[in-house]
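Numbers here are sequence positions counted from 1.
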Amino acid sequence: MMTKQEMRKMIRLRKQQHTADESSVVIARLKENPRFLQAQTLLIYSALPDEVQTQSLLDELTEAGKTVLLPKVVSSEDMELRRYTGTSSLQPGAYGIMEPVGERFTDYATIDIAVVPGMAFDAQGHRLGRGKGYYDRFLAKVPDVYKIGLCFSWQMVDEVPSEANDITMDEVMR
């Protein structure tokens, strides 16, 4: 089996071969998901250029009155959640990710769903992140939150190498 580092390298090569942005297709599928539709408080992500783009979805959900939370990296180990209130509430943060500047959100028990990016996923819900462990550490604090991994079809692999501290997704959408 490939190591996590080898798999990240393979995914980066695949990325170069797939220039078409399938984001709208993936987001359309997500918006049909019953759990996603029912959710009132959602943890989502502000996308990097090589991830399924979420900006229009963030705005739609906010306009619909949902509570939209985004991660903000606060140290080399931790991320915290902040409420998204519109593009004016974002500023470039760690790793070039647009992060919210609002108040910290700590009422984790109210989070209905977490939509999580990754470099690769498998059918068992294993996720390969970028190697820093932010999502695994955070999601371990909210074990009851329903987790949906979001990716492009070419990010699905037969088997993601996983370790005991890796958090598995409940569902992967592509």
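Side chains of Glu171 and Tyr146: a donor-acceptor N/O pair is present below 3.5 angstrom, by distance only.
Between Gln40 and the options Ile113, Asp112, Thr67, a side chain to side chain contact (heavy atoms under 4.5 Å, CB included) holds for only Asp112. When each of Glu80, Glu99, Glu103 is checked for a salt bridge (charged side-chain N to carboxylate O under 4.0 Å, His left out) with Lys72, only Glu99 meets the rule. The side chain to side chain contact (heavy atoms under 4.5 Å, CB included) test with Leu81 singles out one residue from Thr106, Thr41, Val142, Ile111, and that residue is Ile111.
Remark: side-chain polar atoms of Glu51 are paired, donor with acceptor, to backbone N or O of Leu48 under 3.5 angstrom. When atom types are taken as modelled, the side chain of Arg29 and the backbone of Arg174 share a donor-acceptor pair closer than 3.5 angstrom. A distance-only check finds no donor-acceptor pair linking the side chain of Asp136 to the backbone of Gly133 [under 3.5 Å].
Interatomic distance, Ile11 CD1 to Glu6 CD, rounded to the nearest 0.5 Å: 13.0 Å. Atom CZ of Arg8 sits about 11.0 Å away from atom NZ of Lys15, to the nearest 0.5 Å.
The same ILVMFWY cluster, assembled from side-chain heavy atoms under 4.5 Å apart, contains both Met98 and Leu70. In terms of hydrophobic clustering, with Ile, Leu, Val, Met, Phe, Trp and Tyr side chains grouped at heavy-atom distances under 4.5 Å, Val74 and Val101 are assigned to different clusters. Val52 is not connected to Val25 by any chain of hydrophobic side-chain contacts under 4.5 Å among Ile, Leu, Val, Met, Phe, Trp and Tyr, and they are in different clusters.
Taking the side chain as every heavy atom from C-beta outward, Pro117 and Leu150 never approach each other to under 4.5 Å. Between Phe138 and Leu43 there is a side-chain heavy-atom pair separated by less than 4.5 Å. Counting only heavy atoms from C-beta outward, the side chains of Thr168 and Arg127 never approach each other to under 4.5 Å. Between Leu42 and Lys66, some side-chain heavy-atom pair lies under the 4.5 Å cut-off.
Residues Tyr134 and Tyr45 place their aromatic rings such that the two centres sit no closer than 6.0 Å.
In this pair, His18 and Trp154 present their aromatic rings parallel. The plane angle is below 30°, not in the 30 to 60° band.
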